[in-house]
Amino acid sequence: MSSKITIIGAGSVGATIAYKLSYEEFASEIVMIDINKDKVEGEVMDIKQGTCFRSPISIIAGDYEDAKDSDIVIITSGIARKPGQTRIELAQTNVNIIKQITPEIVKAAPNAKYIIVSNPVDVLTYVFTKVSGLPENQIIGSGTLLDTARLRYGLSEHFKVAQKNIHAYVFGEHGDSSFVPWSGADISSVHIDDYYESMKAHGVDLGELDKPAMEEYVHKSGGQVIAKKGATFYAVSIAVCELCNIVLAASDSVATVSSMMHGEYGIEDVCLSVLTLVGPNGVQGKVPMRLTDEEVAKLQSSANKLKEVIDQLDI
């Protein structure tokens with residue numbers, strides 16, 4: 001099935017998403033939109049010149065009206081945090097950008113599924129939900145999908161087992177208040193604690209998992225990449241393209257994406273990530289995972305931290 005995907009923002013993340021999508025067979029049309037016309041035209045030209053090795057695809061540098069009939073719209077617009085800038089200041093700046101973009105793109109593509117990638121992603125997903133007027137099922141924040149990928153990579157390295165065999169998730173905010181509900185982490189249906197003991201019984205001593213250190217890795221690895229190379233864009237782009245694949249698939253999948261909460265785990269009126277059923281009709285609801293009381297408290301704490309930010313913003 002061919003699909004039309006529009007990407008707003010031609011920075012490192014938006015351009016890398018477009019590049020990755022240009023070699024996904026489910027994409028037949030890609031529209032890139034950016035306020036910097038030269039930048040977006042250059043990105044499109046660079047990507048298009050390598051597409052002779054795949055089936056034909058249309059990639060254009062366009063305007064909002066060119067997003068008409070898009071199946072998916074991906075929003076990556078925003079600025080990175082500057083030295084000395086508070087989180088609230090960054091949030092307000094990017095909220096203002098989202099508020100400016102929203103009426104234009106929604107008018108052009110009212111039926112698209114919207115994937116919000118810009119940071120702070122949970123706050124911006126909330127704002128887009130509030131100001132767009134679209135049904136909530138059409139709005140998906142990339143949330144902790146990347147955090148979950150980082151977690152699975154870290155666990156794969158520790159346990160020396162394929163990432164596809166690992167089922168563990170990061171819940172909450174895409175940020176420092178996120179956490180891993182270890183009670184639901186397993187390797188091929190075997191809880192990770194039991195898996196460790198099983199391997200030890202077979203004479204394979206992998207070393208006991210330091211769970212706080214693993215969570216620290218998930219929290220800090222993005223910052224480490226930024227410190228070393230200036231930005232993160234490869235891993236998040238792969239995660240977003242996988243989310244596009246999920247939305248365009250024939251059936252639903254379960255993913256840790258950010259969407260509006262309506263009383264789940266005692267949380268309302270905020271967007272954050274828990275297990276969510278996502279597919280061709282967008283967000284279909286939350287998948288209730290049995291959490292311990294301590295894990296529920298951590299999730300509620302993460303929600304409250306996001307609400308504290310939202311309460312200080314001009315939405």
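Note: hydrogens, waters and symmetry copies are ignored here, and every other heavy atom, side chains too, is used. On a predicted model such as this, the values are computed, not experimentally measured, just so you know.
- Rounding to the nearest 0.5 Å gives a distance of 7.5 Å between CD1 of Ile72 and CD1 of Ile140.
- Applying the side chain to side chain donor-acceptor pair (under 3.5 Å) rule to Asn96 yields the partners Gln92; only residues at least two apart in sequence or on another chain are considered.
- A donor-acceptor pair under 3.5 Å is absent between the side-chain atoms of Lys4 and the main chain of Ser28, judged by distance alone.
- Side-chain atoms of Lys99 come within 3.5 Å of backbone atoms of Ile315 as a donor-acceptor pair (strictly under, hydrogens ignored).
- The side chain to side chain contact (heavy atoms under 4.5 Å, CB included) test applied to Ser253 returns Ile246, not counting sequence neighbours.
- Tyr153 forms part of a hydrophobic cluster together with Leu151, Leu155, Phe159, Val161, Ile166, Val170, Val180, Trp182, Ile187, Val190, Ile192, Tyr195, Tyr196, Met199, Val204, Leu206, Leu209, Met214, Tyr217, Val218, judged by ILVMFWY side-chain heavy-atom separations under 4.5 Å.
- A donor-acceptor contact shorter than 3.5 Å is absent between the side chain of Asp186 and the backbone of Ala168.
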| message | As a quick check of understanding, evaluate side-chain hydrogen bond (donor to acceptor under 3.5 Å, both in side chains) for Ser55 and Glu25, giving each step before the final call. | response | CA-CA 8 Å; Ser55 55; Glu25 290 297 330; 2.6 Å; yes
Show the atom names and distances, to 0.1 Å, of all donor-acceptor pairs under 3.5 Å that link a side chain in residues 271-278 to residues at least two apart or in another chain.
| unit_1 | atom_1 | unit_2 | atom_2 | d |
| --- | --- | --- | --- | --- |
| Ser273 | OG | Thr144 | N | 3.0 |
| Ser273 | OG | Val257 | O | 3.4 |
| Ser273 | OG | Ser258 | N | 3.4 |
| Thr276 | OG1 | Val274 | O | 2.9 |

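- Atom CG of residue Asp147 and atom CZ of residue Phe171 lie 12.5 Å apart, to the nearest 0.5 angstrom.
- Applying the side chain to side chain contact (heavy atoms under 4.5 Å, CB included) test to Glu216 and every residue at least two apart in sequence or in another chain returns Lys220.
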Using a 3.5 Å cut-off and no angle test, enumerate the donor-acceptor pairs between side-chain atoms of residues 128-137 and protein atoms at least two apart in sequence or in another chain.
| unit_1 | atom_1 | unit_2 | atom_2 | d |
| --- | --- | --- | --- | --- |
| Thr129 | OG1 | Thr125 | O | 2.7 |
| Lys130 | NZ | Asp269 | OD1 | 3.1 |
| Ser132 | OG | Phe128 | O | 2.8 |
| Ser132 | OG | Leu134 | N | 3.2 |
| Glu136 | OE1 | His262 | NE2 | 2.7 |
| Glu136 | OE2 | His262 | NE2 | 3.3 |
| Asn137 | ND2 | Asn281 | O | 2.9 |

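- Within 6.0 Å of the OH atom in Tyr234, the count of heavy atoms belonging to other residues, nucleotides or ligands does not exceed 12.
- With sequence neighbours excluded, no residue forms a side chain to side chain donor-acceptor pair (under 3.5 Å) with Ser156.
- Applying the side chain to side chain contact (heavy atoms under 4.5 Å, CB included) test to Tyr64 and every residue at least two apart in sequence or in another chain returns Ile8, Ile33, Ile101, Glu104, Ile105.
- If you check the side chains of Lys298 and Ser178, you find no donor sitting under 3.5 Å from an acceptor.
- Partners of Ser177 by side chain to side chain donor-acceptor pair (under 3.5 Å), not counting sequence neighbours, listed by chain and number: Glu173, Ser302.
- Taking the side chain to side chain contact (heavy atoms under 4.5 Å, CB included) definition, one finds that Lys68 meets it with nothing, sequence neighbours left out.
- Counting only distance, with no hydrogens or angles, the side chain of Arg54 and the backbone of Glu24 share a donor-acceptor pair below 3.5 Å.
- Panel note: side chain Glu295, backbone Thr292; a donor-acceptor pair is recorded below 3.5 Å.
- Lys37 has a carboxylate O that lies under 4.0 Å from a charged side-chain N of Asp63, or vice versa, which qualifies the two as a salt bridge.
- Between the OG atom in Ser259 and the CD atom in Gln284 there is a gap of 11.0 Å [rounded to 0.5 Å].
- Using a cut-off of 4.0 Å between Lys/Arg side-chain N and Asp/Glu carboxylate O, Asp193 and Lys211 are scored as salt-bridged.
- Neither Ile5 nor Tyr23 shares a network with the other; the hydrophobic side chains, linked directly or stepwise wherever heavy atoms of I, L, V, M, F, W or Y lie under 4.5 Å apart, form separate groups for each.
- Legend: residues meeting salt bridge (charged side-chain N to carboxylate O under 4.0 Å, His left out) with Lys48, ordered by chain and number and at least two apart, are absent.
- In this structure, Thr6 OG1 and Ile115 CD1 are separated by 11.5 Å, a value rounded to the nearest 0.5 Å.
- Heavy atoms only, all atoms of each residue included: Ser237 and Thr16 are closest at OG-CB, 3.3 Å.
- Remark: side-chain polar atoms of Asp34 are paired, donor with acceptor, to backbone N or O of Ala10 under 3.5 angstrom.
- Other residues, nucleotides and ligands contribute only 12 or fewer heavy atoms inside 6.0 Å of the CD atom of Glu294.
- Taking the side chain to side chain donor-acceptor pair (under 3.5 Å) definition, one finds that His158 meets it with nothing, sequence neighbours left out.
- Side-chain N or O atoms of Ser198 include none that pairs as donor or acceptor with a backbone N or O of Asp194 at under 3.5 Å.
- Formation of a donor-acceptor pair under 3.5 Å by the Asn94 side chain with backbone atoms of Ile79 is found in this model.
- When atom types are taken as modelled, the side chain of Gln300 and the backbone of Tyr265 share a donor-acceptor pair closer than 3.5 angstrom.
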